Structure formats: structure tokens, C-alpha cells
Amino acid sequence: MLIVSWNINGIRAVYKKGFLVWLNEVSPDIVCLQEVKATLEQIPKEISEHPEYSLYLSCAQKKGYSGVAILIKKDIPIIGVTEGLGEEIFDNEGRTLIIEHYDFILFNGYYPNGQRDHGRVPYKLSYSQKVLDTALELFKSKNKEIILTGDFNTAHKEIDLANPKGNTKTTGFLPDERKWVDHLIDSGFQDLFRDLHQNETGHYTWWTHRNNCRQRNIGWRIDYFFTTKKIAQKVKSCEILKNVMGSDHAPVCLSI
């Protein structure tokens with residue numbers, strides 16, 4: 001099974017930049033999208049009515065903001081789809097979709113940005129913990145493995161961004177944000193990309209548009225696949241598709 005996670009920074013924008021060509025060529029089984037920034041009516045019909053995929057969407061109440069979606073091949077059986085975490089403070093921003101498959105439960109999340117003044121860091125950490133609590137509850141009650149994917153908006157270790165010393169006071173690399181990722185791992189989840197590329201530098205998933213940072217590879221690794229152990233044992237590969245354009249993020253591809 002091939003699962004891709006990609007912050008597309010607007011589905012209408014990425015559609016104009018070749019998203020559909022990429023989707024049809026790569027043909028992933030499941031595609032988790034973040035920052036969709038559109039209602040169902042605003043999504044191009046070639047995507048929403050794709051003959052091979054079913055589309056699930058969670059929109060923010062605020063127009064043109066946030067939003068997550070999942071495209072899943074119609075021949076893949078799923079038990080159910082849940083929109084949100086059951087708390088209005090998080091669900092109003094369209095940040096979470098949960099799919100239950102017969103073998104696993106998949107969370108697609110767009111984790112909040114803490115903002116330059118750090119004003120949303122508490123909200124970000126509260127959302128992150130609610131995702132983890134929900135995942136652990138389902139892991140226990142359903143007795144199924146868990147996949148957490150999406151834009152986590154945090155670089156975990158110094159190896160995960162090009163300029164760690166210059167960003168110690170920048171949201172996305174604050175001590176409390178990084179400690180939460182430690183907590184996630186201590187709770188039984190594995191960072192699949194880092195497990196397979198342990199000491200390799202220069203692997204990033206997001207680059208600012210300023211100063212040719214993508215071309216110079218001055219970026220951050222903030223998009224992840226975290227899974228419980230049994231799925232981690234079945235992983236064939238986990239790669240960053242850095243040459244796929246259309247967004248300020250690169251897709252992350254998991255093969256299990």
C-alpha cells in the first residue's frame with residue numbers, strides 16, 4: 001500500500017500546477033492533503049469526482065483557511081470516516097480526518113502554526129495532545145495499529161532543519177514543541193522517515209518561498225508519518241518527494 005501526505009497550500013492552486021497529472025502518474029492508494037483551503041464546491045471536479053478515488057473533506061469555518069482532505073482508492077475497503085476530534089475549538093478549523101481501515105486507523109492532521117509571537121503555541125500543543133489521546137484510545141479500544149500523518153509544524157531535532165541555532169526561539173522549533181514530539185515517541189509511535197534515514201542530513205519537507213531557499217535546500221522537516229510498532233515493522237520505504245513541485249511543501253510517501 002502506498003500512502004502519501006502532502007501540504008498542498010491550496011487545492012485550487014496546486015491543481016493549476018499539475019496535481020492531477022501527478023496523482024494519475026503516481027497513483028497512491030491513499031493521499032492525505034493539508035491546507036486544502038476550499039469547500040467541496042470549490043474543489044475542481046476532476047479531483048472531487050475522480051473515477052478512481054473517493055474524496056473526504058473537512059473544511060474550516062473561515063473561508064480559504066486550513067482544511068484537510070483524503071483521497072482513497074475506491075477499491076480499498078474502509079469501515080468509516082470521522083471528521084474532527086469531537087471538540088469544537090479544534091474542529092472549527094478543519095484540521096483532522098480519521099479513516100478506519102480493516103487493518104489500521106489513519107489520522108490526517110494539519111497541526112496549528114504557533115505564530116511568530118508564539119500566541120498559538122498553547123493551542124497547538126492542546127490540539128496535538130488531543131490527537132494523541134484520541135489515537136491511544138482507539139489503539140486500545142479497536143485493537144488496531146495507528147498511523148499519524150500530516151503537517152506537524154515542528155522540526156523535532158537539530159538534524160531536521162537547516163539552521164537550528166538561528167531558530168531556537170522560532171515556533172516550530174521551540175523546546176515545548178519539540179518535547180511534545182518526544183512525548184509522542186515515548187507513547188509508542190515511531191518516526192518512520194528518521195528510523196530509515198537515521199543520521200542523514202539535508203532532508204526537509206518545507207521551504208520558505210523567500211531567498212530561493214528551496215533551491216538552496218534551506219528547509220525544515222515538519223511533515224511526518226508516525227506509526228505504532230507493528231506497522232513500522234512492515235514499512236518498505238518512507239521518502240520525501242522533494243522534486244515534486246506545486247507547493248512550499250514536498251509530499252512524503254510511505255510504502256507498507
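Values in this document were obtained by computation on a predicted structure and should not be read as measured data. The chain is numbered in sequence order, starting from 1.
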Are the side chains of R221 and F193 in touch, meaning some heavy atoms are under 4.5 Å apart? yes
Do the non-hydrogen side-chain atoms of C32 and Y110 ever get within less than 4.5 Å of each other? no
What pairs meet the ring pair (Phe, Tyr, Trp, His ring centres under 6.0 Å) rule with one or both residues in residues 226-247, with sequence neighbours excluded? F152-F226, Y224-F226
Measure from NZ or CZ of R95 to the centre of the six-membered ring of Y111, then state whether that distance is under 6.0 Å and the direction lies within 45° of the axis. no
For Y15 versus I47, what's the shortest heavy-atom pair and its separation? CD1-CD1, 3.9 Å
Got a sec: does the NZ of K74 have more than 12 other heavy atoms crowding it under 6.0 Å? yes
Could you list the residues that satisfy side-chain hydrogen bond (donor to acceptor under 3.5 Å, both in side chains) with D182, not counting sequence neighbours? H156
Would you please say whether a donor-acceptor pair under 3.5 Å links the side chains of T227 and E145? no
Return the orientation label for the F19 and W6 ring planes: parallel under 30°, perpendicular over 60°, tilted otherwise. tilted
Donor-acceptor list for residues 83-92 side chains, cut-off 3.5 Å, not counting sequence neighbours:
from: E83; atom 1: OE2; to: S58; atom 2: OG; distance (Å): 3.0
from: E87; atom 1: OE2; to: K130; atom 2: NZ; distance (Å): 3.4
from: D91; atom 1: OD1; to: L85; atom 2: N; distance (Å): 2.7
from: D91; atom 1: OD2; to: L85; atom 2: N; distance (Å): 3.3
from: D91; atom 1: OD2; to: G86; atom 2: N; distance (Å): 2.8
from: D91; atom 1: OD2; to: E87; atom 2: N; distance (Å): 3.1
from: N92; atom 1: OD1; to: Q61; atom 2: NE2; distance (Å): 3.1
from: N92; atom 1: ND2; to: E88; atom 2: O; distance (Å): 3.3

For the residue pair S5 and Q34, confirm or rule out a side-chain donor-acceptor distance under 3.5 Å. yes
Tell me, do H101 and I72 make a side-chain contact under 4.5 Å, heavy atoms counted? no
Suppose we screen for side-chain contact (heavy atoms from CB on, under 4.5 Å). Which residues come up paired with N212, at least two apart in sequence or across chains? Q215, R216
Distance (rounded to the nearest 0.5 Å) between S66 OG and K37 NZ: 9.5 Å
Taking side-chain hydrogen bond (donor to acceptor under 3.5 Å, both in side chains) as the test, write out the residues that go with Y127, two or more places apart. T96
Within a reach of under 6.0 Å around NZ of K73, are more than 12 heavy atoms found that belong to other residues, nucleotides or ligands? yes
Rounding to 0.5 Å, atoms OG (S247) and CG (L33) come to a distance of 10.0 Å
Going by side-chain hydrogen bond (donor to acceptor under 3.5 Å, both in side chains), name the residues that satisfy it together with D176, two or more places apart in sequence or in a different chain. none
Other residues, nucleotides, ligands: >12 heavy atoms within 6.0 Å of N143 CG: no
Contact summary for F104 and I231, nearest pair of heavy atoms: CB-CD1, 3.7 Å
Are L2 and V26 packed together at the side-chain level, in the sense that at least one heavy-atom pair is separated by less than 4.5 angstrom? yes
Can you check whether I30 reaches M1 side chain to side chain, under 4.5 Å on heavy atoms? yes
